[in-house]
Colleague: 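Shown below is the structure under consideration.
Reckoned from all heavy atoms, side chains included, excluding hydrogens, waters and symmetry mates. Chain letters run A, B, ... following the sequence lines, proteins first, then strands; residues in each count from 1.
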There are 2 protein chains.
Amino acid sequence: MDATKPDQGQSEQIANRLRTDIIAGRMEEGSPLREIALAKQFKVGRGPIREALQRLSHEGMVVAKPNCGVRVATSPPNSIQELIVPLRRTLETFALRSFFQDLNANDFDQWHSILKRMRIACETSDYASTVELDIEFHQSIVERAAQNDLLSIWLTLVSRLRNQFQNGHRKYDDPMKIYYEHVSIITIFQTGDLEQSLQTLEWSIT
Amino acid sequence: MDATKPDQGQSEQIANRLRTDIIAGRMEEGSPLREIALAKQFKVGRGPIREALQRLSHEGMVVAKPNCGVRVATSPPNSIQELIVPLRRTLETFALRSFFQDLNANDFDQWHSILKRMRIACETSDYASTVELDIEFHQSIVERAAQNDLLSIWLTLVSRLRNQFQNGHRKYDDPMKIYYEHVSIITIFQTGDLEQSLQTLEWSIT
DNA sequence: ATCGGACATATTGTTGACAATATTGGCGCT
DNA sequence: AGCGCCAATATTGTCAACAATATGTCCGAT
């Protein structure tokens with residue numbers, strides 16, 4: 001067997017790669033994703049590509065017109081996004097509440113790892129990485145709840161708010177503020193004060 | 001070539017069929033769905049089957065373990081369902097609000113068509129059909145908003161509440177009450193009173 | 001010159017065969 | 001007899017070729 005990796009789902013890896021590319025804004029809205037081109041790019045057959053694309057389509061990252069291909073989705077109208085934001089808040093606070101009392105050193109190690117990378121991204125004004133890490137941070141909270149249902153729903157919500165993550169960093173004159181904001185979240189978590197933590201997390205979700 | 005239909009996505013039809021089968025309770029929780037068996041059953045290759053299964057997997061109808069196949073999902077824990085119910089309320093009322101002023105005779109024709117079928121199902125104590133029509137009713141409201149984002153999110157939510165639809169009909173001694181409840185919803189809609197309609201719809205979502 | 005229709009091209013949809021992996025039953029060992 | 005290992009089987013994962021459909025272009029008629 002290949003010692004490279006247990007290869008647990010290569011379509012998932014492709015989906016993750018494309019997802020971060022879209023989130024980071026490396027792909028224009030409305031630009032098409034051709035199966036053959038992606039297949040050659042990833043050195044893989046068209047099957048896994050189709051699966052990855054279908055997954056992103058369900059999440060709302062791309063839109064698929066039958067017999068016509070998939071394109072990077074355009075952001076939903078503001079009315080929809082304003083509907084989704086509170087749903088996202090409900091989900092993330094629910095997740096946090098579910099495991100807050102079980103937090104251990106290992107959890108904080110992982111979060112500090114994200115923060116470390118985020119600090120570098122912010123210091124170098126690497127907007128794409130900053131956006132990715134912002135989402136990775138919140139996703140790690142949802143994943144920590146170890147409820148697959150939660151993650152699935154969260155992904156379908158966040159995919160439709162990705163432009164807020166992208167634009168959100170414009171509103172800060174200093175990119176470092178993004179970093180400090182997340183540091184403060186983890187700092188509150190470490191105090192063990194649940195209510196304060198929930199409030200800080202909620203407040204960070206625009 | 002079959003002149004029956006323009007064949008707009010045969011994997012979608014398969015997914016719909018399997019979804020209603022699961023919702024209606026015709027498949028045991030945890031029972032496996034084998035690709036080859038389904039392929040022969042639907043007289044189709046394994047490709048479309050895989051796509052349908054992946055869609056249902058993302059919705060939460062089935063769970064897919066890599067290299068191991070998919071099984072009918074077990075209902076999420078109550079804590080998750082209690083989280084999802086208010087999200088579903090928010091979504092459906094948002095949908096209703098978005099198109100309420102544009103309602104026309106055609107809309108009510110379609111709803112009355114559903115109610116007619118639901119009446120028959122309730123009269124004959126056909127629980128499976130009753131559940132299907134209950135969901136079709138609410139789905140028609142979300143679809144009427146003509147926002148694909150809304151429908152995608154709604155599906156991921158409702159799939160995880162399917163046991164509530166199934167059990168919900170036990171709590172009524174008389175199955176006809178389910179029918180009357182939906183009739184009253186449409187009746188309120190026809191009065192044109194938005195606030196009253198929103199409240200009735202919300203109240204119907206357990 | 002512009003509009004409509006048919007042809008050529010490109011892309012997606014589908015299929016069957018092959019490879020990789022997990023499950024199941026039997027065998028030997030303790 | 002019980003436990004662990006190993007082969008046989010069944011199932012999923014992947015690929016390349018084929019069919020169906022949409023897109024874009026060219027030509028001719030008005």
Side-chain angles (χ1 to χ4, degrees), chain A residues 1-19 21-22 27-74 148, chain B residues 1-19 21-22 27-74 148:
Chain A
M1 59 190 75
D2 272 351
T4 56
K5 273 168 219 165
D7 194 356
Q8 41 177 351
Q10 85 187 75
S11 75
E12 183 156 343
Q13 292 184 359
I14 296 173
N16 290 339
R17 173 64 182 277
L18 291 175
R19 186 178 13 238
D21 280 351
I22 295 175
M27 312 196 90
E28 201 83 20
E29 279 194 356
S31 66
L33 282 72
R34 298 281 150 73
E35 293 179 2
I36 310 165
L38 293 172
K40 280 193 290 192
Q41 176 182 337
F42 286 101
K43 304 263 205 313
V44 86
R46 259 179 57 211
I49 298 291
R50 281 179 70 86
E51 288 190 10
L53 254 35
Q54 195 189 339
R55 170 174 310 210
L56 295 178
S57 171
H58 289 149
E59 291 174 9
M61 280 289 178
V62 302
V63 291
K65 214 171 85 178
N67 284 319
C68 182
V70 312
R71 295 171 175 277
V72 178
T74 60
N148 280 338
Chain B
M1 192 101 358
D2 269 0
T4 57
K5 279 165 221 159
D7 192 357
Q8 40 176 355
Q10 83 185 74
S11 75
E12 184 156 344
Q13 291 185 0
I14 296 172
N16 290 339
R17 173 64 181 277
L18 292 174
R19 188 186 299 121
D21 280 352
I22 295 175
M27 311 196 91
E28 201 83 19
E29 279 193 356
S31 65
L33 282 72
R34 298 279 149 70
E35 293 179 3
I36 310 165
L38 293 173
K40 279 193 291 191
Q41 176 182 336
F42 286 102
K43 305 263 207 310
V44 86
R46 259 179 57 212
I49 299 291
R50 282 178 70 87
E51 289 190 9
L53 254 35
Q54 193 191 337
R55 169 173 310 209
L56 295 178
S57 170
H58 185 270
E59 289 174 8
M61 281 289 178
V62 302
V63 289
K65 214 171 85 179
N67 284 318
C68 181
V70 313
R71 296 170 175 278
V72 178
T74 61
N148 280 339

Colleague: Relative to the 5' end of DNA chain D, which residue comes earlier, B:K65 or A:K65, by the nucleotide with the nearest heavy atom?
Modeller: B:K65
Colleague: Closest nucleotide of DNA chain D for A:C68 versus for B:I36: which of these residues is on the 5' side?
Modeller: B:I36
Colleague: Roughly, in whole Å, what's the span from CD in B:E51 to C1' in D:dT12?
Modeller: 16 Å
Colleague: Rounded to the nearest Å, what distance is computed from the CD atom of residue A:Q54 to the P atom of nucleotide C:dT12?
Modeller: 14 Å
Colleague: Hey, can you pull the residues of residues 56-63 of chain A with a non-hydrogen atom under 4.0 angstrom from DNA chain D?
Modeller: none
Colleague: Roughly, in whole Å, what's the span from CD in B:E12 to C1' in C:dG13?
Modeller: 14 Å
Colleague: In whole angstrom, give the distance that lies between atom CZ of A:F42 and atom P of D:dC15.
Modeller: 13 Å
Colleague: Check whether any side-chain N or O of B:Q54 sits under 3.5 Å from a backbone N or O of A:Q54 as a donor-acceptor pair, and report yes or no.
Modeller: no
Colleague: Kindly write out the residues that satisfy side chain to side chain donor-acceptor pair (under 3.5 Å) with B:R19, not counting sequence neighbours, or none if the list is empty.
Modeller: B:N16, B:E59
Colleague: D:dT14 C1' sits how many Å from B:E35 CD, rounded?
Modeller: 12 Å
Colleague: Which residues pass the side-chain contact (heavy atoms from CB on, under 4.5 Å) test with A:T74, not counting sequence neighbours?
Modeller: A:E29
Colleague: Any base atoms under 4.0 Å from A:R50, or only sugar-phosphate, or nothing? Heavy atoms, all strands.
Modeller: base
Colleague: Say you draw a straight line from CG of B:L18 to CE of B:M27; how long is it, rounded to the nearest 0.5 Å?
Modeller: 6.5 Å
Colleague: Please tell me if the side chains of A:V63 and B:N148 come closer than 4.5 Å, counting only heavy atoms from C-beta onward.
Modeller: no
Colleague: Compile the donor-acceptor pairs under 3.5 Å between side chains in residues 33-43 of chain B and protein atoms, sequence neighbours left out, one pair per line.
Modeller:
{"unit_1": "B:E35", "atom_1": "OE1", "unit_2": "B:R46", "atom_2": "NE", "d": "2.9"}
{"unit_1": "B:E35", "atom_1": "OE1", "unit_2": "B:R46", "atom_2": "NH2", "d": "3.2"}
{"unit_1": "B:E35", "atom_1": "OE2", "unit_2": "B:R50", "atom_2": "NH1", "d": "3.0"}

Colleague: Round to the nearest Å and state the distance from A:I49 atom CD1 to D:dA16 atom C1'.
Modeller: 15 Å
Colleague: Quickly work out the A:R34 CZ to C:dG13 C1' distance and round it to whole Å.
Modeller: 15 Å
Colleague: Taking all non-hydrogen atoms of both residues, which atom of A:E51 and which atom of A:S11 are closest, and how far apart?
Modeller: OE1-OG, 3.6 Å
Colleague: Enumerate all atom pairs, one protein N or O and one N or O from nucleotides 15-20 of chain C, separated by less than 3.5 Å.
Modeller:
{"unit_1": "C:dT15", "atom_1": "OP2", "unit_2": "B:G45", "atom_2": "N", "d": "2.7"}

Colleague: Can you list the residues that meet the side chain to side chain donor-acceptor pair (under 3.5 Å) rule with B:D21, with sequence neighbours excluded?
Modeller: B:R26
Colleague: For the pair A:Q10 (side chain) and A:P48 (backbone), establish whether a donor and an acceptor sit closer than 3.5 Å, ignoring hydrogens and angles.
Modeller: no
Colleague: Applying a 4.0 Å non-hydrogen cut-off, can you work out what A:L33 is touching in the nucleic acid: base, sugar-phosphate, or nothing?
Modeller: sugar-phosphate
